[in-house]
Amino acid sequence: MVQTVTDDAPLNVATAVEDGVARVAIQGELDLDRSDEVAAELAALSGRGATSVIVDVSALSFIDSSGLRALLTAREQLESAGTRLHLTNLSPAVERVLDMTGTRDLLSGE
């Protein structure tokens, strides 16, 4: 199943859940305009049977503090439901923010 949270620029989120693993691809800019929507979509994945959420951020060209907050909030909510969130394929923009804020280990396990 693929679901798009937004279909207008500058952010697209595609989600597929199979065998307890949710694969999410985020493309574009994760900022204040869409951060709450993305956090809610990610957090809802445990209710759709996901025990693991893998978020591919290779096409995320921009993330601000509200975008980071969305990822951390979703991680916390998922973790309380027994679901693990993991970022993969970090784009340079995401790497920079995670390194500056000391959240790389929390979100990517690196």
- Query: Could you go step by step and tell me if L30 and V38 meet the side-chain contact (heavy atoms from CB on, under 4.5 Å) rule?
  - Reply: CA-CA 8 Å; L30 181 53; V38 170; 3.8 Å; yes
- Message: Can you confirm whether L78 sits close enough to V53 that some side-chain heavy atom of one is under 4.5 Å from a side-chain heavy atom of the other?
- Response: yes
- Of the non-hydrogen atoms in S46 and A81, which two are nearest, and what is the gap between them? OG-CB, 3.7 Å
- Message: Looking at R104 and E95, is any side-chain nitrogen of the basic one under 4.0 Å from a carboxylate oxygen of the acidic one?
- Response: yes
- Message: Checking the side chain of S80 only, and the main-chain atoms of Q77 only, is there a donor and an acceptor separated by less than 3.5 Å?
- Response: yes
- Task: With the side chain counted from C-beta on, respond yes when V94 and L98 share a heavy-atom pair under 4.5 Å apart, and no when they do not.
- Result: yes
- Task: Return the minimal non-hydrogen interatomic distance between A50 and A22, and the atom names on each side.
- Result: CB-CB, 3.8 Å
- Smallest separation among heavy atoms of A93 and L60, with atom names: CB-O, 4.0 Å
- Message: With a 3.5 Å distance limit and no angle check, can you tell me whether T51 reaches the backbone of T83 through a side-chain donor-acceptor pair?
- Response: no
- Message: Once rounded to the nearest 0.5 Å, what's the spacing between atom CG of N12 and atom CD1 of I26?
- Response: 10.5 Å
- Query: Roughly how far, to the nearest 0.5 Å, is the CG atom of D36 from the OG atom of S66?
  - Reply: 8.0 Å
- To the nearest 0.5 Å, tell me how far T101 OG1 sits from R96 CZ. 12.0 Å
- Message: What I'd like to find out is whether the side chain of D56 reaches to under 4.5 Å of the side chain of V24, using heavy atoms alone.
- Response: no
- Would you say the side chain of T88 lies within less than 4.5 Å of the side chain of L90, judging by non-hydrogen atoms? no
- Message: So L68 and D64, do their side chains get closer than 4.5 Å, heavy atoms only?
- Response: no
- Message: With rounding to the nearest 0.5 angstrom, report the CG to CD distance, L85 to E76.
- Response: 12.0 Å
- Task: Identify whether L72 and L11 are in the same connected component of the hydrophobic contact network (ILVMFWY, side-chain heavy atoms under 4.5 Å).
- Result: yes
- Query: Of the non-hydrogen atoms in S58 and S91, which two are nearest, and what is the gap between them?
  - Reply: O-CB, 3.6 Å
- State whether R48 and E41 are salt-bridged, where the test is any N-O pair (Lys NZ or Arg NE/NH1/NH2 against Asp/Glu carboxylate O) under 4.0 Å. yes
- Message: Under 4.5 Å between side-chain heavy atoms, counting indirect links through other Ile/Leu/Val/Met/Phe/Trp/Tyr residues: same cluster for I54 and L107 or not?
- Response: no
- Task: Over all heavy atoms of both residues, which pair between H86 and S108 is shortest? Give the atoms and the distance, please.
- Result: CE1-O, 2.5 Å
- Counting distance only, does the side-chain N/O of R75 pair as donor-acceptor with the main-chain N or O of L106 below 3.5 Å? yes
- Message: Give me the atom names and distance for the closest heavy-atom approach of A74 to A43.
- Response: CB-N, 4.3 Å
